[in-house]
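Fair warning: this is a prediction, and the values are worked out from it, not measured in the lab.
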Amino acid sequence: MTDSRAAASVRTTSDRRFPEGFLWGAATAAHQIEGSPMADGAGPSIWTRFAHTPGMTLNGDTGDVACDHYRRWKEDVKLMRELGLQAYRFSVSWSRILPEGTGRVNQAGLDFYSRLVDELLANGIEPLLTLYHWDLPAALDDRGGWLNRDCADWFAEYGRVMYRALDGRVKKWVTLNEPWVITDGGYLHGALAPGHRSRFEAPIASHNLMRAHGAAVQAYRAEGKHEIGLVVNIEPKYAATDSAEDAAAVERAHAYMNEQYLDPALLGSYPPELREIFGEAWPEWPQADFELIKQKLDFIGVNYYTRSVTKAAESYPLNTGVVRQPLGTYTETGWEVFPQGLTDTLTWVKQRYGDIPMYITENGAAFFDPPVAEPDASGERRVRDPLRMDYLQKHLGAIHDAIQAGCDIRGYMVWSLLDNLEWSLGYSKRFGVVHVNYGTQERTPKDSARWYSKVIASNGAHLGEPLPY
């Protein structure tokens with residue numbers, strides 16, 4: 001991926017307006033915010049099981065309460081309206097809808113999301129619904145989960161239930177969120193649910209996820225009348241040196257993380273580097289699978305957080321290493337702040353896959369925020385987060401640069417609306433533009449939320465103004 005440094009800094013021009021109709025919003029995920037995972041007839045998910053296994057999450061944190069959104073959803077939608085959000089990307093808990101993963105529909109779970117969608121629409125907020133954000137029903141994991149080829153049928157069945165209930169009110173659908181994270185974290189390294197560590201399982205899970213994606217899109221074309229896409233996380237790779245070894249390392253890392261899912265979805269094949277990476281663990285796939293996977297998509301969602309400066313190094317399975325930048329700014333998750341990587345990512349997607357519409361479906365940063373929002377001199381609770389505002393301003397500028405370069409980018413969803421459960425890291429990292437006091441569940445918009453609200457109201461023109469430090 002080329003590092004086009006000519007546009008490396010955000011230009012504070014007089015007008016940074018975005019195209020008319022650009023959709024401004026925020027994103028969350030069910031397990032990270034909802035709480036009450038077993039309420040009203042829901043079944044357990046793999047994350048319910050994983051988090052309750054000793055030693056699997058920091059401090060033993062679970063999603064049992066999270067942000068209590070399952071009970072506070074109306075309050076949260078009111079907050080979205082007050083911030084001026086035009087869209088809200090959320091995910092559905094599969095096991096709320098189908099407690100056994102297939103078969104019996106839990107009407108109470110379906111009703112929860114129906115009420116949420118109605119409330120969003122009543123407040124002028126467009127719902128973007130993600131079918132799967134990592135929380136597979138535990139009952140399906142007991143049947144092999146993503147290692148079982150039947151998962152494509154399971155996922156399509158779940159999709160049909162949701163389409164029949166909500167299509168029309170929901171006009172933008174996503175099949176999967178970040179299949180790379182699901183397999184790398186859940187099947188290769190064991191850091192995420194279901195906690196497997198297998199070089200042989202990872203490519204099987206990846207392939208079955210993509211088959212499930214294809215089956216869900218097919219089901220939508222039969223049932224739905226609007227738009228459906230796929231969300232991937234992309235992390236551009238830059239060579240640490242000019243050596244041939246580092247260049248080859250970049251090719252491996254780029255194929256593994258950035259092409260492994262988009263290539264089959266949009267081109268109908270896998271990048272050849274995957275065979276080198278997995279060796280004997282890489283299976284031969286029937287051509288019919290690629291015909292299922294490659295479906296017409298209405299958009300691609302891009303989740304971008306950081307880049308990787310990559311070198312050749314002994315490691316499993318890529319034989320690559322990451323070079324920390326001594327003058328870089330890093331977030332609490334150890335990710336370098338590098339907005340130019342977002343411009344490079346978006347232009348790369350256009351160059352490789354054509355003019356498919358894109359949404360930035362996640363972008364944000366975890367910086368230190370206090371656990372309690374204290375009153376300022378005026379008595380109003382306030383959370384100052386200048387580093388997050390700086391991050392967002394620069395990355396929105398990077399998106400604007402990509403639009404100017406010809407990329408068809410339709411919207412931006414900041415990650416995240418709320419501080420929430422950061423998976424295995426528990427509640428130790430705060431990504432929200434709205435602060436959550438986990439002791440009281442009080443919500444306090446951070447300075448970044450107030451600033452983002454002005455960006456939305458001006459359709460981006462406010463990006464040219466100095467930040468209110």
Any donor-acceptor pair under 3.5 Å from Thr57 side chain to Gly426 backbone: no

Within the 6.0 Å centroid threshold, strictly below: Trp94 and His31: no

Donor-acceptor under 3.5 Å (Ser95 side chain, Pro99 main chain): no

Parallel, tilted or perpendicular: rings of Tyr158 and Phe155 (30°, 60°): tilted

Any residue meeting salt bridge (Lys or Arg N to Asp or Glu O under 4.0 Å) with Asp408, in chain and number order, not counting sequence neighbours: Arg410

Counterpart residues, salt bridge (Lys or Arg N to Asp or Glu O under 4.0 Å), relative to Glu178 (two or more places apart): none

Ring geometry between His69 and Phe112 (parallel below 30°, tilted from 30 to 60°, perpendicular above 60°): perpendicular

Thr306 vs Tyr330, side-chain hydrogen bond (donor to acceptor under 3.5 Å, both in side chains): CA-CA, chis, key distance, verdict: CA-CA 9 Å; Thr306 188; Tyr330 285 80; over 6 Å; no

Heavy-atom donor-acceptor pair, Thr343 side chain to Ala398 backbone, under 3.5 Å: yes

With Tyr70 via side-chain hydrogen bond (donor to acceptor under 3.5 Å, both in side chains) - residues at least two apart: Asp40

Side-chain touch Tyr304/Asn233, heavy atoms, less than 4.5 angstrom: no

Step-by-step salt bridge (charged side-chain N to carboxylate O under 4.0 Å, His left out) determination, Glu336 to Arg324: CA-CA 8 Å; Glu336 183 190 3; Arg324 188 177 176 91; over 6 Å; no

Donor + acceptor pair across side chains of Glu201, His196 (<3.5 Å): yes

Matching residue for Tyr305 among His395, Glu362, Glu235 - test: side chain to side chain donor-acceptor pair (under 3.5 Å): Glu362

By salt bridge (Lys or Arg N to Asp or Glu O under 4.0 Å) - contacts of Glu157 (at least two apart): none

Steps toward salt bridge (charged side-chain N to carboxylate O under 4.0 Å, His left out) verdict (Lys225, Asp167): CA-CA 7 Å; Lys225 297 183 173 140; Asp167 191 58; over 6 Å; no

Side-chain ion pair, Glu126 and Lys172, N-O less than 4.0 Å: yes

Stepwise ring-ring contact (aromatic ring centres under 6.0 Å, His included) check, His254 with Trp348: CA-CA 12 Å; His254 180 57; Trp348 168 76; 4.8 Å; yes

Residue pair Ser206, Thr183: steps toward the side-chain hydrogen bond (donor to acceptor under 3.5 Å, both in side chains) verdict: CA-CA 6 Å; Ser206 288; Thr183 54; 3.1 Å; yes

Residue of the set Val217, Thr361, Thr175 for which side-chain contact (heavy atoms from CB on, under 4.5 Å) holds with Leu230: Thr175

Full working for salt bridge (charged side-chain N to carboxylate O under 4.0 Å, His left out) between Asp419 and Arg443: CA-CA 9 Å; Asp419 290 335; Arg443 276 80 158 132; over 6 Å; no

Residue pair Tyr427 / Asn59, side-chain donor-acceptor N/O under 3.5 Å: no

Pairing residues for Asp298 by the salt bridge (Lys or Arg N to Asp or Glu O under 4.0 Å) criterion, not counting sequence neighbours: Arg221, Lys296

Expected list for residues 129-136: side-chain donor-acceptor pairs under 3.5 angstrom, two or more places apart:
{"unit_1": "Thr130", "atom_1": "OG1", "unit_2": "Arg89", "atom_2": "NE", "d": "3.1"}
{"unit_1": "Thr130", "atom_1": "OG1", "unit_2": "Arg89", "atom_2": "NH2", "d": "3.3"}
{"unit_1": "Tyr132", "atom_1": "OH", "unit_2": "Trp134", "atom_2": "O", "d": "3.3"}
{"unit_1": "Tyr132", "atom_1": "OH", "unit_2": "Leu136", "atom_2": "N", "d": "3.2"}
{"unit_1": "Tyr132", "atom_1": "OH", "unit_2": "Trp146", "atom_2": "NE1", "d": "3.2"}
{"unit_1": "His133", "atom_1": "NE2", "unit_2": "Asn177", "atom_2": "ND2", "d": "3.1"}
{"unit_1": "Trp134", "atom_1": "NE1", "unit_2": "Asn177", "atom_2": "O", "d": "3.0"}

Phe338 and Tyr238 aromatic centres sub-6.0 Å: yes

Test side chain to side chain contact (heavy atoms under 4.5 Å, CB included) applied to Arg96 and Glu34, step by step: CA-CA 11 Å; Arg96 284 200 198 280; Glu34 285 180 357; 2.8 Å; yes

Flag for Asn148-Trp154: side-chain donor and acceptor within less than 3.5 Å: no

Salt-bridge contact Arg72-Asp76 (side-chain N to carboxylate O under 4.0 Å): no

Asp385 bridged to Arg430 by N-O distance under 4.0 Å: no

Check: Ile125 main-chain N/O paired with Gln86 side-chain donor or acceptor under 3.5 Å: no

Carboxylate-amine/guanidinium proximity below 4.0 Å for Glu227 and Lys171: no

From CG (Leu110) to CD (Gln107), nearest 0.5 Å: 5.0 Å

Check ion pair Arg16-Asp401 (N to O, under 4.0 angstrom): yes

CZ/Arg115: more than 12 non-hydrogen atoms of other groups inside 6.0 Å: yes

Carboxylate-amine/guanidinium contact Arg169 Asp118, below 4.0 Å: yes

Chi angles and distances behind the side chain to side chain contact (heavy atoms under 4.5 Å, CB included) call for His400, Leu463: CA-CA 10 Å; His400 192 275; Leu463 290 171; 5.6 Å; no

Val77 vs Lys74, side chain to side chain contact (heavy atoms under 4.5 Å, CB included): CA-CA, chis, key distance, verdict: CA-CA 5 Å; Val77 174; Lys74 190 170 283 194; 5.8 Å; no

